[in-house]
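Below is one structure, written out as structure tokens; the observations come after it.
Heavy atoms only: backbone and side chains are in, while hydrogens, waters and symmetry mates are out. Counting starts at 1 for both ligands and their atoms, following the listed order.
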Amino acid sequence: MNQQKIPATVITGFLGAGKTTMIRNLLTNAGGKKIALIINEFGDLGVDGDVLKGCGAENCTEDDIIELTNGCICCTVADDFIPTMTKLLEREQRPDHIVIETSGLALPQPLVAAFNWPDIRTQVTVDGVITVVDSAAVAAGRFADDHDAVDARRAEDESLDHESPIEELFEDQLTCADLIVLNKTDLIDAAGLIRVRDEVASRTVRKPVMIEARNGEVSAGILLGLGIGTEDDVANRKSHHELEHEDGAPHDHDEFDSFVVELGPIADPAGFVEALKGIIAAHDVLRLKGFVDVSGKPMRLQIQAVGSRIDHYFDRAWTPSEKRATRLVVIGLHEMDQDAVRAAIEALA
Ligand SMILES: Nc1nc2c(ncn2[C@@H]2O[C@H](COP(=O)(O)OP(=O)(O)OP(=O)(O)O)[C@@H](O)[C@H]2O)c(=O)[nH]1
């Protein structure tokens, strides 16, 4: 019976870990398997969907890429995810495999639990949960270095029972993993990698397998062949929130915020990127990504910033039917000064 179910792989991992990059690579080496992709982002700008639709894989056409844009997938399971899955399963030509990319701030647990809903359970099984880790960010202490800030917040608000929200989310995503991909190993040395392995292992009780990757290059045979049936084991992977609120109180993402900045054309892209770097560092922006309209250039500039690292490249020509615009999504902790970040970016146009 299980063999007739369509396998679904959940790909999770903190903001900018390399989920979309890994999926892009996966689509090019999936060996003719017809894949349906469900993509969820935290911000209101569908960058990942745009990037993945642009890769033109025959086994996963634009119709097979479904974007869930009404908030984090873990919060919209009933309203968004289940109806999407139901529609997908009603299609005449059903996919061989479903791949779901969660937002970088999603808790995978409620999503996996949704595979136990009666309509879904009979037709689909979770092949496995893959958690992508930004090894360079772990090595830099991104998920462990703000204990002082947390202690200070606790001192102000005695009701706070949380670790830092970033650290907690990082652990929740690891807790749910069947496979951990230590990505971005090109950015650290061998000794750093050993420390990253130790740190990641120390944050998981179940000790799933860890593999290393650069640019998310992992063979489809590994990513799509775990065969776990994770929905049967969700009780062993409880998130911090579930452990703290056994009454089933809903979780939220109030600790994080995102907003979109729209600008006119940019004349000096190199100067723009340098200035963004300064703004990101000054305001501790967690993630910034989007597209830039560079004056006089037929190509679109893609910007991808993860903490202080920023990549930019011309990814494709603007099409005649689309409006050229500079649009960036910014994600940070709730306390980030949104007005100041917006004003600083707007001043660059
Ligand atoms: N140096 C390096 N950069 C990488 C690697 N993998 C991904 N990147 C870069 O990291 C940035 C973020 O990658 P994405 O694949 O968009 O990350 P993501 O996890 O999908 O991001 P969100 O969906 O926003 O959470 C991009 O600029 C990628 O090119 C890697 O192994 N090494």
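- At a threshold of 4.0 Å, the pair Arg237-Asp178 counts as salt-bridged, since one of the basic side-chain nitrogens sits closer than that to a carboxylate oxygen.
- For the pair Arg300 and Phe291, the distance from NZ or CZ to the six-membered ring centre is under 6.0 Å and the angle to the ring normal is within 45 degrees.
- Taking only nitrogen or oxygen atoms, main chain and side chain alike, Leu187 does not reach within less than 3.5 Å of ligand 1.
- Residue, atom and distance of the protein heavy atom nearest to atom 6 (N) of ligand 1 are Asn183 ND2, 3.0 Å.
- When the heavy atoms of Gln304, His312, Lys184 are ranked by distance to atom 10 (O) of ligand 1, first place goes to Lys184.
- When non-hydrogen atoms are compared, ligand 1 lies under 4.0 Å from neither the backbone nor the side chain of Glu41.
- No hydrogens or angles considered: nothing links the side chains of Glu171 and Gln173 as a donor-acceptor pair under 3.5 Å.
- Looking only at heavy atoms of the protein, atom 29 (O) of ligand 1 is closest to Asp311 OD2, 3.5 Å.
- Scanning Gln302, Arg214, Lys289, Arg287 for the heavy atom closest to atom 16 (O) of ligand 1 points to Arg287.
- Between Asp186 and ligand 1, an N or O atom pair is found at a separation short of 3.5 Å.
- Between Phe143 and Phe14, the ring-plane angle classifies as perpendicular under the 30° and 60° cut-offs.
- A salt bridge is defined here as a Lys NZ or Arg NE, NH1 or NH2 lying under 4.0 Å from an Asp or Glu carboxylate O, and Lys87 with Glu90 fails to meet this definition.
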Checklist entry - Going through the checks in order, is the ring pair (Phe, Tyr, Trp, His ring centres under 6.0 Å) test met by Phe81 and Phe115? => result CA-CA 10 Å; Phe81 175 68; Phe115 285 82; 5.6 Å; yes
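- For ligand 1, one of its N or O atoms has an N or O atom of Gly18 under 3.5 Å away.
- With hydrogens and angles left out, the side-chain atoms of Arg316 and Gln302 include no donor and acceptor closer than 3.5 Å.
- For His97 and Thr9, the side-chain atoms include at least one donor-acceptor pair closer than 3.5 Å.
- Which parts of ligand 1 touch Asp48 is read off a 4.0 Å heavy-atom cut-off, strictly below it: atoms 23 (O).
- Within the 4.0 Å heavy-atom criterion, neither part of Met22 lies near ligand 1.
- From the protein, the heavy atom lying nearest to atom 25 (O) of ligand 1 is Lys19 NZ, 2.8 Å.
- In this structure, Gly16 counts as a contact residue of ligand 1, since one of its heavy atoms falls inside 4.0 Å of the ligand.
- With no hydrogens or angles considered, no side-chain donor-acceptor pair links Thr326 and Asp293 at under 3.5 Å.
- Here Glu41 pairs with Lys289 in a salt bridge; the nearest charged N to carboxylate O distance falls below 4.0 Å.
- Here Thr185 has no heavy atoms under 4.0 Å from ligand 1, in either its backbone or its side chain.
- Taking distance alone, with nitrogen or oxygen atoms compared against 3.5 Å, Ala17 approaches ligand 1 more closely than that limit.
- Side-chain atoms of Asp64 come within 3.5 Å of backbone N or O of Thr61 as a donor-acceptor pair.
- One finds a salt bridge joining Glu199 and Arg203 here, because a Lys/Arg side-chain nitrogen approaches an Asp/Glu carboxylate oxygen to under 4.0 Å.
- Of the N and O atoms on the side chains of Arg94 and Gln123, at least one donor lies less than 3.5 Å from an acceptor on the other residue.
- Residue Glu217 places every heavy atom at 4.0 Å or more from ligand 1.
- Neither the backbone nor the side chain of Val47 comes within 4.0 Å of ligand 1, counting heavy atoms alone.
- Using a cut-off of 4.0 Å between Lys/Arg side-chain N and Asp/Glu carboxylate O, Asp186 and Arg214 are scored as not salt-bridged.
- Here the protein heavy atom with the shortest distance to atom 15 (O) of ligand 1 is Thr21 OG1, 2.5 Å.
- Contact annotation: Glu101 has at least one heavy atom less than 4.0 Å from an atom of ligand 1.
- Ranking the protein heavy atoms by distance from atom 11 (C) of ligand 1 puts Val306 CG2, 3.9 Å first.
- Per-residue contacts place Leu15 under 4.0 angstrom from the following atoms of ligand 1 (heavy atoms of the residue considered): 25 (O).
- By the criterion of a heavy-atom distance under 4.0 Å, both the backbone and the side chain of Thr20 are placed next to ligand 1.
- The protein atom (non-hydrogen) at minimum distance from atom 31 (O) of ligand 1 is Asn215 N, 2.5 Å.
- Backbone and side-chain nitrogen or oxygen atoms of Tyr313 are examined, and none is located within less than 3.5 angstrom of a nitrogen or oxygen of ligand 1.
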